[in-house]
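Remarks on the structure that follows.
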Amino acid sequence: MYKRILIATDGSPLSQKAVESGLSLAGLTGASVVALKVVPRYPRSYFEGGLPVDAADIKRIEKQWADAAQELVDKVKVQGTDEGVTVKTVVAKSDLVAEAVIAAAKKHKCDLIVMASHGRKGIKRLLLGSETQHVLTHSHIPVLVLR
């Protein structure tokens, strides 16, 4: 059925449920897993009148974010290993989360994307957007959404 499943996580409790479900599905189908965490780049605005941040500080902050993301996907790998599932960890740096998820799935030849949705409605969805909705509408790979 599935050979390689991409599980996108952000570390939230809801996302953890998607990780658990994705790993269970991988175990049932004999698939391997790509655990993905997308890390944003440090926002750089030159026109808002804010204090400029030193380039070294930006590098340090981005490294902290990347290290935390790696720690998160490493936990997924341990969890998968405990369940007998092979897990590859990937940390992607991008401000465009949905595009990074789709690109990672394509790059790693995944045949399913598993991710969580917070189920926002109305004005919250309009203001906050939905990375899951974007993945659903733009991915050519099947997407399993867990709420």
Side-chain angles (χ1 to χ4, degrees), residues 1-45 48 50 53 55 57-147:
M1 181 174 224
Y2 299 113
K3 293 183 177 136
R4 186 167 296 132
I5 299 171
L6 183 134
I7 302 174
T9 182
D10 63 7
S12 67
L14 181 60
S15 181
Q16 180 56 34
K17 288 182 181 181
V19 167
E20 291 166 5
S21 294
L23 289 173
S24 293
L25 181 60
L28 290 172
T29 61
S32 63
V33 166
V34 175
L36 172 70
K37 168 72 170 113
V38 179
V39 178
R41 291 187 167 83
Y42 189 86
R44 296 173 186 172
S45 177
E48 291 181 8
V53 178
D57 288 337
I58 290 172
K59 263 188 166 177
R60 180 182 50 78
I61 291 167
E62 286 182 341
K63 183 178 180 335
Q64 285 176 339
W65 290 348
D67 290 346
Q70 187 62 52
E71 197 174 298
L72 177 64
V73 292
D74 285 344
K75 287 180 183 177
V76 174
K77 184 173 185 168
V78 168
Q79 190 175 349
T81 302
D82 291 345
E83 295 183 27
V85 175
T86 303
V87 178
K88 177 179 182 169
T89 62
V90 177
V91 174
K93 292 183 182 179
S94 177
D95 293 326
L96 306 172
V97 175
E99 281 84 358
V101 170
I102 294 168
K106 188 174 183 180
K107 178 181 178 183
H108 296 283
K109 297 178 173 77
C110 297
D111 45 15
L112 178 69
I113 298 171
V114 176
M115 59 192 309
S117 174
H118 289 82
R120 293 185 185 103
K121 293 181 182 172
I123 194 75
K124 281 187 180 179
R125 180 166 178 259
L126 182 64
L127 293 174
L128 298 174
S130 171
E131 299 300 335
T132 304
Q133 183 66 33
H134 190 91
V135 171
L136 273 170
T137 56
H138 291 87
S139 175
H140 297 290
I141 299 166
V143 180
L144 174 61
V145 179
L146 295 139
R147 291 184 73 170

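Model, not experiment: these values are computed from the prediction.
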[atom2] on [Y] to [atom1] on [X], rounded to 0.5 Å:
{"X": "S32", "Y": "K3", "atom1": "OG", "atom2": "NZ", "value": "11.0 Å"}
{"X": "L36", "Y": "K88", "atom1": "CG", "atom2": "NZ", "value": "11.5 Å"}
{"X": "L144", "Y": "Y2", "atom1": "CG", "atom2": "OH", "value": "7.5 Å"}
{"X": "L136", "Y": "S117", "atom1": "CG", "atom2": "OG", "value": "8.0 Å"}
{"X": "E20", "Y": "L146", "atom1": "CD", "atom2": "CG", "value": "10.5 Å"}

(request) Start with the C-alpha distance between V135 and I113, add both sets of side-chain angles, then the distance that settles side chain to side chain contact (heavy atoms under 4.5 Å, CB included), and finish with yes or no. (result) CA-CA 9 Å; V135 171; I113 298 171; 4.1 Å; yes
(message) Which residue is it: V85, L112, T86? I am looking for the one with a side-chain contact (heavy atoms from CB on, under 4.5 Å) to V33.
(response)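 Of the listed residues V85, L112, T86, the side-chain contact (heavy atoms from CB on, under 4.5 Å) partner of V33 is V85.
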(request) Give a yes or no on whether Q64 atom CD has more than 12 heavy-atom contacts from other residues, nucleotides or ligands under 6.0 Å away. (result)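 Atom CD in Q64 is crowded, with more than 12 foreign heavy atoms closer than 6.0 Å.
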Taking [X] for its side chain and [Y] for its backbone only, find out whether a donor-acceptor pair lies under 3.5 Å.
{"X": "R4", "Y": "V34", "value": "no"}
{"X": "E131", "Y": "A98", "value": "yes"}
{"X": "S12", "Y": "S15", "value": "yes"}

(message) Strictly below 4.0 Å, N to O, side chains only: are K77 and D74 in salt-bridge contact?
(response)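 So K77 does not pair with D74 through a salt bridge.
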Can you see which heavy atom on [X] is nearest to which on [Y], and at what distance?
{"X": "V101", "Y": "A8", "value": "CG2-CB, 4.2 Å"}
{"X": "I5", "Y": "G22", "value": "CD1-O, 4.3 Å"}
{"X": "S94", "Y": "V38", "value": "O-CG1, 3.6 Å"}
{"X": "I102", "Y": "S139", "value": "CD1-N, 3.9 Å"}
{"X": "A105", "Y": "I141", "value": "CB-CD1, 3.6 Å"}

I want to check something: taking the side chain as every heavy atom from C-beta on, are [X] and [Y] in contact at a cut-off of under 4.5 Å?
{"X": "H108", "Y": "V90", "answer": "yes"}
{"X": "V78", "Y": "K75", "answer": "no"}
{"X": "Q79", "Y": "L23", "answer": "yes"}

(message) I need the full list of salt bridge (Lys or Arg N to Asp or Glu O under 4.0 Å) pairs touching residues 91-112, with sequence neighbours left out, sorted by first then second residue.
(response)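 Qualifying pairs, neighbours excluded: none.
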(request) Could you tell me which residues satisfy salt bridge (Lys or Arg N to Asp or Glu O under 4.0 Å) with D67, sequence neighbours excluded, listed by chain and number? (result)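 For D67 the salt bridge (Lys or Arg N to Asp or Glu O under 4.0 Å) partners, ignoring immediate neighbours, are K63.
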(message) Set out, in order, the CA-CA distance, both residues' side-chain angles and the distance that settles side chain to side chain contact (heavy atoms under 4.5 Å, CB included) for I7 and M115, then state yes or no.
(response) CA-CA 6 Å; I7 302 174; M115 59 192 309; over 6 Å; no
(message) Working note: V114 + L6, criterion side chain to side chain contact (heavy atoms under 4.5 Å, CB included); need CA distance, chi angles, decisive distance, verdict.
(response) CA-CA 6 Å; V114 176; L6 183 134; over 6 Å; no
(request) Run the numbers on T89 and Q70 for side-chain hydrogen bond (donor to acceptor under 3.5 Å, both in side chains), then give the verdict. (result) CA-CA 8 Å; T89 62; Q70 187 62 52; 3.2 Å; yes
